[in-house]
Amino acid sequence: MKQGMANKGEKETSAVDLVLEKDEQWRKTVTELDLTRAEGNKKAKLIGQLMAQGKKEEAQKLIRETGQGKETVKKLEEQLSVLQKERDDLLYQIPNVPDASVPVGTGSDDNVVFKTWGEPSTEEWRLPHWDLAAEKGWIDFDRGSKVTGAGFPFYTGPMARLQRALINFFLDEAAENGYTEIQPPYFVNEDSARGTGQIPDKEDMMYTIPRDGFFAIPTAEVPVTNFHRDEILSMDGLPIYYTAYTPCWRREAGSYGKEVRGLNRLHQFDKVELVKFVHPEKSDEELESLREYAESLLEKLSLPYRTLLMCTGDMGFTQTKKYDLEVWSPGQQRWLEVSSCSNFGSFQARRMQLRYRNEKGKTEMVHTLNGSGLALPRVVASILETHQTEAGEVIIPKVLRPYIGKAQM
RNA sequence: GGAGAGGUGCCGGAGCGGUCGAACGGGCUCGCCUGGAAAGCGAGUGUGCCGUGAAAACGGUACCGAGGGUUCUAAUCCCUCCCUCUCCGCCA
C-alpha cells in the first residue's frame, strides 16, 4: 500500500498505519459490544419466558439487573461510531494502488507514449478553432458568458448540428460494439458521488445543489457506475457494458490562460461515456479492449492521436491503470486529451458494495472500468482544425455525413 | 403543492411489543420418481461485521426504506427524513 501511494506521489503514507491502528481499536470495541449485547439478549429472552410463565417477581428481579448492561452498550456504541468514522475518514483518503505494469514516475513527463496514429500536421496556415468558429459564427462564447458565465458556450447552426451528429455517432458505434445505451440522471446524491470516488477526492470540482443535496454530474461515470450500487450481480451476467451520453459539469477552479482558450476547457461539455463491470480476472484485458475501442473512434474520424500510458504520479486517485487518448490540434500545435480509459480494480466496487457471486457462491467485488468514447469539445476543436481547408471550409468526416447530410461546412 | 395508503427475504405476502431472520405461497438449487419430461414428493435457499479455523465450517452480533427515540425486550410504539401508490391541483 505504502509503496503504491508513494509511487502516486503521496508524501504522507502514515494514513495506512493510522487506519490499522484505528481498525484494531474498532475491532476490540466491536467484540466487546457484541459480547455485551449477547448478554443483554439472553436476559431479555429469559424475562420473556418468565413473563409467559407468570413468574413476575423473578422477571422483575432480572429487569432490575439490566441497567449497567444497557449503559455499557450505549457507551460502546458511541465509541464504536467515533472509531469507525475516524477509521473510514482515513480510509477514504487512501488512493488506489497502481498496477504493476504502470511505469513509476512523478508527473506528466514520465508518461509513456504507448501508441501514435496518423500524421500530426505542422502546417502553419490553419486557424485555431476559436478563430474559425468566431469567423463563421458557429460558437458564441460571449453570449454564453452573458447568459451563464465563462465556460458555458452556445453552439449555433451547423456547429450545434455537428455536436448532435457526434453524439449520435458515438452512441451508435458503442451500441454496435456491445454497449447498452443508458440515459441517466444528471444530478446524483452524496452516496453516489462517494461511490465512484469523487468524494472526497474531487469534491470541489462538482457543482452542487445544496438545497436538495445533489451534485451535478462531472461525468456520466458517476450515475452509470452507481446504477448497480449495493447489488450482487450474477457471474453469468458479467461483463456488463454501458454507454451514456450526458452533459458534464466541472467547476475547474483556477484554470486560466491559453490552456482554457476556446473549447479546450469548459464548465459544461458533452460526452459519451463507456462503463464496464467485469470479473476481476478480466479487467486487464477489458481495459485494453476499451482503449482500442476509443482509439477506433478517432481513427474513423481521421484525427491523428497518440495514446499515453499514464505513470504512477500522473494517473489520479482512483485508478490502478489509465490510458489517455490525445488528439492532435494543428491550430494550436498541441495534443488535447479526449479520452481517459481507466481500470479501477475493486476500488469503486468496495465503496459501492458492488459484488458478484462466484463459482462457489461466495460474494466478491467486481472490477469497474470506464473511458470516454469520446468527450466532444476537443474532438470538435480538432475536427475544425484538422479538416480545415485553406479556403476556410471544414470537410466533414465520412462517418458523420449520414448524420449531417453534408460533406462540408 | 394538498389529502390519503403504504414501504418486510429473489418475488408475492403475513406478522403489528417477547419464543421473529421472520408464517404461507411462488421461484431457484439439489435429491427421489420417469425411457425422458411434466406433475408429485423430500431437503436446502440472504447480507454485512467480529471471533475461531489452513479450509470446509462454526459461534456471536447487526440488518424487516434510512436515521434517531421509548422499553428489560421493537419488523411491531413515537419522531424526522427518503421513496412508492391513489385522488386533487399544477405542468413539458
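It should be emphasised that the depicted structure is a prediction, and the values quoted were computed from it without experimental measurement. Each chain gets a letter, A, B and so on, in the order the sequences are listed, and its residues count up from 1.
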Query raised in the report: Taking the P atom of each, how far is B/rG2 from B/rC28, in whole Å?
Result: 45 Å

inquiry  = Distance check, C1' atoms only: B/rC82 and B/rG89, in whole angstrom units.
reply    = 23 Å

*Is it true that A/K146 and A/D142 have a side-chain N and a carboxylate O under 4.0 angstrom from each other?*
no

* Does A/D88 use its side chain to pair, donor to acceptor, with the backbone of A/L91 at less than 3.5 Å? -> no

Tell me whether the OP1 or OP2 atom of B/rG48 has a side-chain N or O from A/R355 closer than 4.0 Å. yes

Applying the 3.5 Å cut-off to both distances, the Watson-Crick or G-U partner of B/rC87 turns out to be B/rG2

Salt bridge check: are A/R378 and A/E385 linked by an N-O gap of less than 4.0 Å? no

From CE of A/M365 across to P of B/rU47 the rounded distance in Å is 13 Å

Could you tell me how far B/rC85 sits from B/rU73 if I compare only their P atoms? Round to whole Å. 38 Å

- Message: Looking at B/rG48, I'd like to know if its phosphate oxygens (OP1 or OP2) sit under 4.0 Å from a side-chain N or O belonging to A/T363.
- Response: yes

Sorted by chain and number, sequence neighbours left out, side-chain contact (heavy atoms from CB on, under 4.5 Å) with A/F214 holds for A/F187, A/I209, A/D212

Each nucleotide of nucleotides 61-73 of chain B classed B (base within 4.0 Å of a protein heavy atom), S (only sugar-phosphate) or -, in 5' to 3' order, makes SS---------BS

Looking at A/E299 and A/K115, is any side-chain nitrogen of the basic one under 4.0 Å from a carboxylate oxygen of the acidic one? yes

Given the ring of A/F154, does A/R143 sit roughly above its face, with NZ or CZ under 6.0 Å from the centre of the six-membered ring and within 45° of the axis?
no

Rounded to whole Å, the CG-P distance (A/L233 to B/rG46) equals 19 Å

